[in-house]
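One structure is given below, encoded as structure tokens.
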Amino acid sequence: MRLSNEEIGEFFRDVRKARSLKLKDLANEQVTLAQLSKFERGETVLSFDRLLSVIDRLNMTFEEFSYMANAYQQPTFHEFYDKAIKAAQFQNVNALQNMLDIELAKNNPNFTDKINQIYIRNFQGKLSDDDKKFVINYLMAVDNWTFYELLLFNDTLSKLKIDAVDTLTKEMISRTNFYKDIYQNKKLFLTILINVYRFMIKHDERVKALFYQRVVEENISEGFTIEKIVFDFIKQIFLFSFADTQSNKEELKLKMKEIIIAYEKLDFPAIAKRLREELDELET
């Protein structure tokens with residue numbers, strides 16, 4: 001649930017006191033001592049620029065402040081998504097259907113309710129053409145993609161047609177600039193690019209795959225080790241998929257198996273499992 005003004009003020013006061021700061025330590029030319037006092041009592045709200053200025057005086061980044069606020073009270077969507085994805089991972093068909101029934105029973109469903117329905121049907125493997133059209137139209141209508149839009153695209157892209165994925169990915173590249181420096185957004189942004197690269201290989205779209213290979217190479221950076229490992233492995237899949245001879249394919253397959261074994265020996269089971277899944281899919 002959304003925090004009330006009183007809860008926001010109380011949370012801010014708790015953070016301030018935990019850092020041994022007084023209200024006068026945070027007041028500045030943008031926010032007076034009286035305004036801060038009213039804010040903490042929930043009697044008023046601060047504009048975004050004023051809130052940023054006092055968060056800076058807490059010696060915190062806005063991302064850190066938001067993270068703490070989310071821990072203070074987790075947003076409804078994250079609670080919903082965590083519940084749905086756990087049900088999907090454990091193949092709990094009844095739990096997913098119960099969640100869908102609750103969403104469908106709502107009177108006057110809003111946009112969020114519609115997206116929730118789409119998420120559940122996607123986890124059920126029952127995404128309809130209307131659902132796909134809704135997702136595409138929504139993503140095309142949003143100028144600045146946040147983590148929410150990135151997650152929606154990543155979870156549904158494998159169900160979309162090639163042209164739709166290509167168009168949306170190019171739009172994503174231009175529409176995530178505002179939030180792309182936030183670590184979790186950048187991580188998901190890279191994951192999507194790698195998934196799109198793999199998607200194009202799977203559909204024998206060599207030219208498009210090469211384009212997204214270059215895009216990943218332009219955007220990947222230090223600190224994204226797992227993404228780099230997966231990306232390098234998928235480049236081997238690219239070479240395998242478009243190899244000229246069967247002997248080349250066998251050599252590349254052997255190399256990929258050796259890579260997997262190396263990560264198993266290095267005790268990176270999660271990475272080895274992900275790479276083995278990629279190889280298994282290639283062999284089916």
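Because only heavy atoms are used, hydrogens play no part in the values below, and waters and symmetry mates are left out as well, while side chains stay in. All figures in this text were calculated on a predicted structure; none of them were measured in a lab.
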Q. With a 3.5 Å cut-off and no angle check, do the side chains of Thr146 and Glu149 form a donor-acceptor pair?
A. yes
Q. Got Met60 and Val15 here, is their nearest side-chain heavy-atom distance under 4.5 Å?
A. yes
Q | Residues in salt bridge (charged side-chain N to carboxylate O under 4.0 Å, His left out) contact with Lys159, at least two apart in sequence or another chain | A | none
Q. Going by distance alone, is a donor N or O of one side chain under 3.5 Å from an acceptor N or O of the other, for Ser37 and Arg41?
A. yes
Q: Please check if the distance between the ring centroids of Tyr183 and Phe224 is under 6.0 Å.
A: yes
**Q.** No-hydrogen, no-angle side-chain donor-acceptor test under 3.5 Å, Thr245 and Asn248
**A.** yes
Q) Between Lys22 and Asp25, is there a salt bridge with N-O shorter than 4.0 Å? A) no
Q. Yes or no on ring pair (Phe, Tyr, Trp, His ring centres under 6.0 Å) for Tyr81 and Tyr148, after CA distance, side-chain angles and deciding distance?
A. CA-CA 11 Å; Tyr81 186 81; Tyr148 183 85; 9.4 Å; no
Q: Check whether the side chains of Asn195 and Asn154 place a donor and an acceptor atom closer than 3.5 Å, and report yes or no.
A: yes
(Q) Taking the cut-offs as 6.0 angstrom to the six-membered ring centre and 45 degrees off its axis, would you call Lys114 and Phe134 a cation-pi pair? (A) yes
Q) When clusters are formed by joining ILVMFWY residues with side-chain heavy atoms under 4.5 Å apart, either directly or through shared neighbours, do Val54 and Phe62 land in the same one? A) yes
Q | Pair Asp129 + Lys133: basic N to acidic O under 4.0 Å | A | no
Q. Taking atom types as modelled and ignoring hydrogens, do the side chains of Asp130 and Ser128 form a donor-acceptor contact shorter than 3.5 angstrom?
A. no
Q: For Tyr119 and Phe77, run ring pair (Phe, Tyr, Trp, His ring centres under 6.0 Å): C-alpha distance rounded to whole Å, both residues' side-chain angles, the deciding distance at 0.1 Å, then the answer.
A: CA-CA 11 Å; Tyr119 266 116; Phe77 170 72; 5.7 Å; yes
Q. Who passes side-chain contact (heavy atoms from CB on, under 4.5 Å) against Gln124, sequence neighbours left out?
A. Leu96, Gln97, Leu100, Ile120, Arg121, Lys126
(Q) Between Phe65 and Phe11, does the ring pair (Phe, Tyr, Trp, His ring centres under 6.0 Å) criterion hold? Intermediate values first, please. (A) CA-CA 10 Å; Phe65 183 85; Phe11 168 69; 5.2 Å; yes
(Q) Tell me whether Lys186 contacts the main-chain N or O of Asn219 through its side chain, where contact means a donor paired with an acceptor under 3.5 Å. (A) yes
Q.
If we check ring-ring contact (aromatic ring centres under 6.0 Å, His included) with Tyr197, which of these qualifies: Phe233, Phe231, Phe211, Tyr212?
A. Phe231
